[in-house]
Amino acid sequence: MEQSVNQAMNQSNQPANQFNTLEKRTVKISVLVSGGGSNLQSVIDHIKSGFLDQAIIVQVISSSADAYALERAKNEGIPGIAVTRQQWPEEEKRNEEILRLLTEAGTDLIVLAGYMSILSPELISAYSDRIINIHPSLIPRHCGKGYYGKRVHRSVLESGDLKSGATVHYVDEGIDTGRIILQETVPVEPGDTEDSLAARVLAVEHKILPRAVKLFCEEYLKGK
């Protein structure tokens, strides 16, 4: 009796993480990152809250060994793996390693959350209509080759646009050309800087990425 009580106490003292409800999750997500991972954290938080009750993150793959996103994954008990240019100088081999990791984890959905590397046509084909990306503008405005990070917000400000926002879209072999899933706008305020606009857009990213994941899960599970 004492042993069972101690076991229960030990379990209650363990940090909560998404894997505590693994048996309830049915869509396995691999998240690809390159930086801080705040969008990763938003997805994690929405899984833990029950909003994404049909999803689980099975791994986080980073193009940078120093990305704080890997620390976020570690804090939640999620496997984190760095697949970098230093380890795999050839892009083809690097993509082959990523594809191997995705396959071994049984990945159903790939979420690109600030991922700054190029996916190969072979990988995109293998996960056709199962890769989504978050972009910090209202596609088709301020997107495509060279539009990432603060460059996007600089372009918005230089254009004189009165609004910006964020877009979640499927990934195809083009750059930011896949089918749009969700968009949400924010105003461009007088006196905005790249940083102030980026912060406003990021708040929207944190809202619509989990919603897009939920939409995918619902549609994907209908076909199972």
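All values reported here derive from a predicted model rather than from experimental measurement.
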inquiry  = Tell me whether I175 shares a hydrophobic cluster with Y148, the cluster being built from Ile, Leu, Val, Met, Phe, Trp, Tyr side chains joined at under 4.5 Å.
reply    = no

ask   = side-chain hydrogen bond (donor to acceptor under 3.5 Å, both in side chains) with E194: which of R154, R151, K150?
value = R154

message = With rounding to the nearest 0.5 angstrom, report the CG to CD1 distance, L40 to I134.
response = 13.0 Å

query = Going by heavy atoms in the side chains, are I57 and I47 under 4.5 Å from each other?
reply = yes

query = Within a radius of less than 6.0 Å around CG of D66, do more than 12 heavy atoms belonging to other residues, nucleotides or ligands occur?
reply = no

query = Which heavy atom of V171 sits nearest a heavy atom of I132, and at what distance?
reply = CG2-C, 4.1 Å

inquiry  = Treating S42 as the side-chain partner and N39 as the backbone partner, does any N or O pair qualify as donor plus acceptor under 3.5 Å?
reply    = no

task = Start with the C-alpha distance between L209 and V43, add both sets of side-chain angles, then the distance that settles side chain to side chain contact (heavy atoms under 4.5 Å, CB included), and finish with yes or no.
result = CA-CA 7 Å; L209 182 57; V43 175; 3.9 Å; yes

inquiry  = Can a donor-acceptor pair be found, under 3.5 Å and without considering hydrogens, that links the side chain of Q59 to the backbone of I78?
reply    = no

request  = Starting from the C-alpha separation in whole Å, work towards a yes-or-no answer on side chain to side chain contact (heavy atoms under 4.5 Å, CB included) for E91 and I118.
outcome  = CA-CA 8 Å; E91 186 174 291; I118 300 297; 4.3 Å; yes

ask   = Quick one: are H206 and Q41 in side-chain contact, heavy atoms under 4.5 Å?
value = no

request  = Would you name the heavy atoms of V152 and P136 that are closest together and state the gap between them?
outcome  = CG1-O, 3.3 Å

remark   = Heavy-atom closest pair (V156 atom, S164 atom, distance to 0.1 Å) is CG2-OG, 3.8 Å

ask   = What do you reckon, is CG of L215 surrounded by more than 12 foreign heavy atoms closer than 6.0 Å?
value = yes

query = In terms of heavy-atom contacts, does OH of Y68 have more than 12 from other residues, nucleotides or ligands at under 6.0 Å?
reply = yes

message = Between T167 and S137 (side chain of the first, backbone of the second, donor and acceptor by atom type, cut-off under 3.5 Å), is there such a pair?
response = yes

inquiry  = If we count only N and O atoms by modelled type, under 3.5 Å, do the side chains of Q87 and T84 hold a donor and an acceptor together?
reply    = yes

message = To the closest 0.5 Å, what do you measure between CG (L99) and CG (L123)?
response = 5.0 Å

note = Between A55 and C217, the two heavy atoms sitting closest are CB-SG, 3.9 Å

ask   = Should V188 and L157 count as side-chain neighbours, where that means a heavy-atom distance under 4.5 Å?
value = yes

note = For S120 and N95, the nearest pair of non-hydrogen atoms, with its separation, is N-OD1, 2.8 Å

key: Spatial distance of atom CG (D176) from atom CD1 (I139) [nearest 0.5 Å]   = 4.5 Å

ask   = Any donor-acceptor pair under 3.5 Å linking the side chain of E97 with the backbone of V83?
value = no

ask   = Linking I/L/V/M/F/W/Y whenever any side-chain heavy atoms sit under 4.5 Å apart, do I56 and L101 land together?
value = no

message = Test your reading of the model: is there a side-chain donor-acceptor pair from S117 to the backbone of S63, 3.5 Å cut-off?
response = no

inquiry  = Holding to side-chain contact (heavy atoms from CB on, under 4.5 Å), I want the full list of residues that pass it with R130, two or more places apart in sequence or in another chain.
reply    = Y127, F216, Y220

message = Using a 3.5 Å distance criterion without hydrogens, assess whether the side chain of K214 forms a donor-acceptor pair with backbone atoms of F51.
response = yes

note = Residues passing the side-chain hydrogen bond (donor to acceptor under 3.5 Å, both in side chains) test with T107, sequence neighbours excluded, are S30

query = Which value, rounded to the nearest 0.5 Å, describes the distance between E205 atom CD and S38 atom OG?
reply = 7.0 Å

query = To the nearest 0.5 Å, how far apart are CG in L102 and CD1 in I131?
reply = 8.0 Å

inquiry  = Just by distance, no angles: are the side chains of D161 and H142 close enough, under 3.5 Å, to form a donor-acceptor pair?
reply    = yes

query = If only atom types and distance count, is the side chain of E76 paired as donor or acceptor with the main-chain N or O of A73 below 3.5 Å?
reply = no

query = Should Y147 and V168 be regarded as members of a common hydrophobic cluster, given that ILVMFWY residues are connected when their side-chain heavy atoms come within less than 4.5 Å of each other, either directly or indirectly?
reply = no

inquiry  = Whether E219 and K222 form a salt bridge (side-chain N of Lys/Arg under 4.0 Å from carboxylate O of Asp/Glu) is what I want to check.
reply    = yes

Verify same cluster id: Y115, I124 (apolar side-chain graph, 4.5 Å) = yes

remark   = Smallest heavy-atom separation, V201 atom then A166 atom, equals CG1-CB, 4.1 Å

message = I'd like to know if V27 and I110 are part of one continuous hydrophobic network [Ile/Leu/Val/Met/Phe/Trp/Tyr, side-chain heavy atoms within less than 4.5 Å].
response = no

Salt bridge (Lys or Arg N to Asp or Glu O under 4.0 Å) between E184 and K163, intermediate numbers included = CA-CA 10 Å; E184 188 166 326; K163 63 181 180 180; over 6 Å; no

request  = Report yes or no: does R179 contribute a side-chain atom to a donor-acceptor pair with the main-chain N or O of H169 at less than 3.5 Å?
outcome  = no

message = Applying side chain to side chain contact (heavy atoms under 4.5 Å, CB included) to L32 and L119, what does each step give before you reach the verdict?
response = CA-CA 11 Å; L32 274 58; L119 299 179; 4.0 Å; yes

inquiry  = Would V58 and I29 count as a side chain to side chain contact (heavy atoms under 4.5 Å, CB included) here? Give the steps.
reply    = CA-CA 6 Å; V58 293; I29 301 172; 5.9 Å; no

Min side-chain heavy-atom separation E218-L221 under 4.5 Å = no

Flag if over 12 foreign heavy atoms under 6.0 Å of CZ, R100 = yes

remark   = Output for pair (E96 CD, E90 CD), nearest 0.5 Å, gives 9.0 Å

